[in-house]
Structures are given as structure tokens and as C-alpha cells.
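Please read all numbers here as calculations on a predicted model, not as lab measurements. We count ligands from 1, going down the list as the structure has it; atoms in each ligand are counted the same way.
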Amino acid sequence: MADLVVYGTKMSPFVRKVEAALHEKGLDYDFEPINIGAMPDWYLEISPMRRIPTLRDRTAGKEGVAGTIPDSSAICGFLERKQPAPALYPTEAFAHGRALWLEEYADTGLAATGGFGIVRALMFPPMEGKAPDVETARDTWQNKMPRFFDYLEEQLGGRPFFLSDTFTIADIAVASQLLNFDLFAGPPDAKRWPGLASFVNTMRDRSCFTDNLAACREAISKVLAEPVDLS
Ligand SMILES: N[C@@H](CCC(=O)N[C@@H](CS)C(=O)NCC(=O)O)C(=O)O
């Protein structure tokens, strides 16, 4: 039994973000699945905003609220203090602030538009016996995501990572969202966003994401009878 437990669902980009941070830091953890459609009462007690993920540190508390931290950003901040190396947050003040901003841009901007418009549109209706909402997903991918891709392409500025040549929480947060879209639509168009497409292609194979993505592909194959075409 590991000291740390992640409660969540593999398809959640916020759960992916926490799993990636844990992998990067070499921290062992247990995973306990939570059905977001029917969160059990004990889970709602430890996640008062009714969201996944929540982390438990068993060395701080084995049951109930004691030892738990909800919210991927709070969890990643905690992990940085618990296991400082390798650092995922820049130490220089301005770079640190930019990393937090890009994390927020991914968690709020990318998640709200792409999470609802693509992932939920494709995955939620089939769970209720309906057809996936391919029209909404296609419209989101083609018409709503480009402004995010323009901004991220500019932020990358031809570098491999968002803040420097070092992998940070900004890369984890942005990749965690983009890899959800990649599961259905592939990377952003390399002709229009070459840096971002290359970033997604690299992140897809980075070891901190590979186990999570394999589990997601399996989950998708159980819900979608055939791949969707968003082009
Ligand atoms: N700010 C939160 C956001 C977490 C979040 O929105 N999680 C979604 C799943 S991707 C969720 O729990 N949704 C529950 C629901 O829609 O009922 C974090 O960073 O952990």
C-alpha cells in the first residue's frame, strides 16, 4: 500500500495532471476510481466542490477528510513541497508567475472550451445510450480551439517547453488538456501550429503520460463504437 492515493477517473485531464506530476517526481501512489456521475457520499465529504481529483496522503490521515487535498493545482503545489526534486515549478519569481498563469490558462480556458465541447460531447451521450455529439465536437475543434492554439504557439516561441528548456507544471497542465483532445482529434494542425503539434507529439510519448493515455484509449474504445472524424 502506497502512502499516496489519487481518487479520480483516468479521462479527467486534472487527474492526468496529478498522475504526471507524481510520475515525474518518482512518487508511488494507489489509484481509486470515482464515478463522476454518481460520486459516493464519502467522496463528497473529502471533495466539497464535487470535483476530481482528490489526493490522500496516508501519512497525514488514513480516513475521512484528514490527509486529503482536493484540486489538481493544490495537489501539485503540495507534491512540490513533499518531493522537491525534480522541481516542477521555476524558482525565479517571474518564471514562477508565468508557470502558474499557463497552468491556470490550461485548467480554466482549455478545459472549459475543449473539455465540454469535445470530450463531454463525444463521451457523455453514448453513456446514456445516445449518439456522440460529433457536430458540437467538430465545431469546437475547428472554430473554438484555434484561438487557444494561436496563443499557445506564440507562448512556446519555438522552444520545446513553455518556460525554458526545462519541463515544468505549465507543460504538464497544458499537455494534460491537449492530450485529451488528441485522443479524439489528433494534435493541432502542424502546418498552422508547428510548435504546438510537435509539443503534443512529444508529450504523448513522455513516460509520465503513457500509462494514463493507455487507460484512456481503453475507456474510449468501450464507449465509442468507432473513431470520430473531427476534420
Ligand atoms: N479546478 C479543479 C477542476 C477539476 C474538475 O473540473 N474535474 C472535473 C472532471 S474533469 C469534475 O470533477 N467534474 C465533476 C462533474 O462535472 O460533476 C482541479 O484542478 O482539480
Side-chain angles (χ1 to χ4, degrees), residues 4-25 27 29 31-57 65 67-82 88-89 99-128 130 132-133 136-137 140 144-145 148 162 168-185 208-209 212-213 215-220 223-224:
L4 301 175
V5 190
V6 176
Y7 301 97
T9 303
K10 295 280 177 175
M11 278 298 298
S12 163
F14 303 99
V15 170
R16 180 175 305 122
K17 180 181 153 193
V18 166
E19 289 198 278
L22 285 159
H23 274 97
E24 289 290 332
K25 288 183 174 291
L27 290 166
Y29 63 97
F31 189 86
E32 287 204 18
I34 297 295
N35 175 358
I36 65 166
M39 290 181 183
D41 289 345
W42 66 263
Y43 183 74
L44 295 176
E45 252 177 61
I46 66 170
S47 178
M49 287 175 71
R50 298 169 175 248
R51 296 278 182 272
I52 52 168
T54 296
L55 181 98
R56 176 181 298 283
D57 182 345
V65 176
T68 62
I69 303 173
D71 191 274
S72 66
S73 300
I75 295 167
C76 290
F78 159 75
L79 294 176
E80 185 77 355
R81 293 292 173 101
K82 187 173 176 78
L88 291 176
Y89 294 77
L100 296 183
W101 154 242
L102 286 164
E103 180 186 15
E104 173 59 19
Y105 183 76
D107 287 2
T108 302
L110 289 177
T113 302
F116 279 87
I118 299 170
V119 183
R120 287 189 183 227
L122 294 175
M123 291 291 279
F124 278 36
M127 290 181 196
E128 294 168 2
K130 298 179 195 152
D133 186 355
T136 296
T140 305
K144 300 195 172 134
M145 295 316 295
F148 291 97
F162 277 94
T168 70
I169 191 68
D171 304 299
I172 289 184
V174 173
S176 293
Q177 301 292 335
L178 294 182
L179 288 169
N180 242 20
F181 316 147
D182 183 59
L183 287 163
F184 300 96
C208 68
F209 291 118
N212 170 280
L213 292 174
C216 290
R217 283 186 203 104
E218 198 185 326
I220 292 168
V223 172
L224 290 183

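For atom 5 (C) of ligand 1, the candidate residues are K17, E104, Q177, R51; the nearest heavy-atom contact is made by R51. Taking each of I52, T9, T108 in turn, the one with a heavy atom nearest to atom 9 (C) of ligand 1 proves to be I52.
Among the atoms of R120, some N or O lies under 3.5 angstrom from an N or O of ligand 1. The N/O atoms of D107, backbone and side chain alike, include none that comes under 3.5 Å of an N/O atom in ligand 1. Considering both main-chain and side-chain atoms, F14 never comes within under 3.5 Å of ligand 1 through any nitrogen or oxygen pair. At least one N or O atom of S72, backbone or side chain, sits closer than 3.5 Å to an N or O atom of ligand 1.
Contacts of D182 classified as side-chain contact (heavy atoms from CB on, under 4.5 Å), with partners at least two apart in sequence or in another chain: L179, P187, V200, R204.
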TODO: Give the C-alpha distance, both sets of side-chain angles, the deciding distance and a yes or no for side chain to side chain contact (heavy atoms under 4.5 Å, CB included) between R16 and L213.
DONE: CA-CA 8 Å; R16 180 175 305 122; L213 292 174; 3.8 Å; yes
- [ ] Please assess M11 against I220 for the test side chain to side chain contact (heavy atoms under 4.5 Å, CB included), listing each intermediate value before the final yes or no.
- [x] CA-CA 9 Å; M11 278 298 298; I220 292 168; 4.0 Å; yes
TODO: Given side chain to side chain contact (heavy atoms under 4.5 Å, CB included), test L55 with V6 step by step and report yes or no.
DONE: CA-CA 5 Å; L55 181 98; V6 176; 3.9 Å; yes
Open item on the list: Under the criterion side chain to side chain contact (heavy atoms under 4.5 Å, CB included), I'd like the reasoning laid out for R56 against Y29: C-alpha separation, chi angles, the key distance, then a yes or no.
Closed with: CA-CA 9 Å; R56 176 181 298 283; Y29 63 97; over 6 Å; no
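Between the side chains of S72 and K17, at least one donor N or O sits under 3.5 Å from an acceptor N or O.
Closest approach of V65 and E45 over heavy atoms only: CG2-O, 3.5 Å.
Atom 10 (S) of ligand 1 has S12 OG, 3.2 Å as its closest protein atom, hydrogens excluded (heavy atom only). Closest protein heavy atom to atom 14 (C) of ligand 1: R50 O, 3.5 Å. Here the protein heavy atom with the shortest distance to atom 1 (N) of ligand 1 is D71 OD2, 2.9 Å.
Close approach to P53 involves these atoms of ligand 1, each under 4.0 Å from a residue heavy atom: 20 (O).
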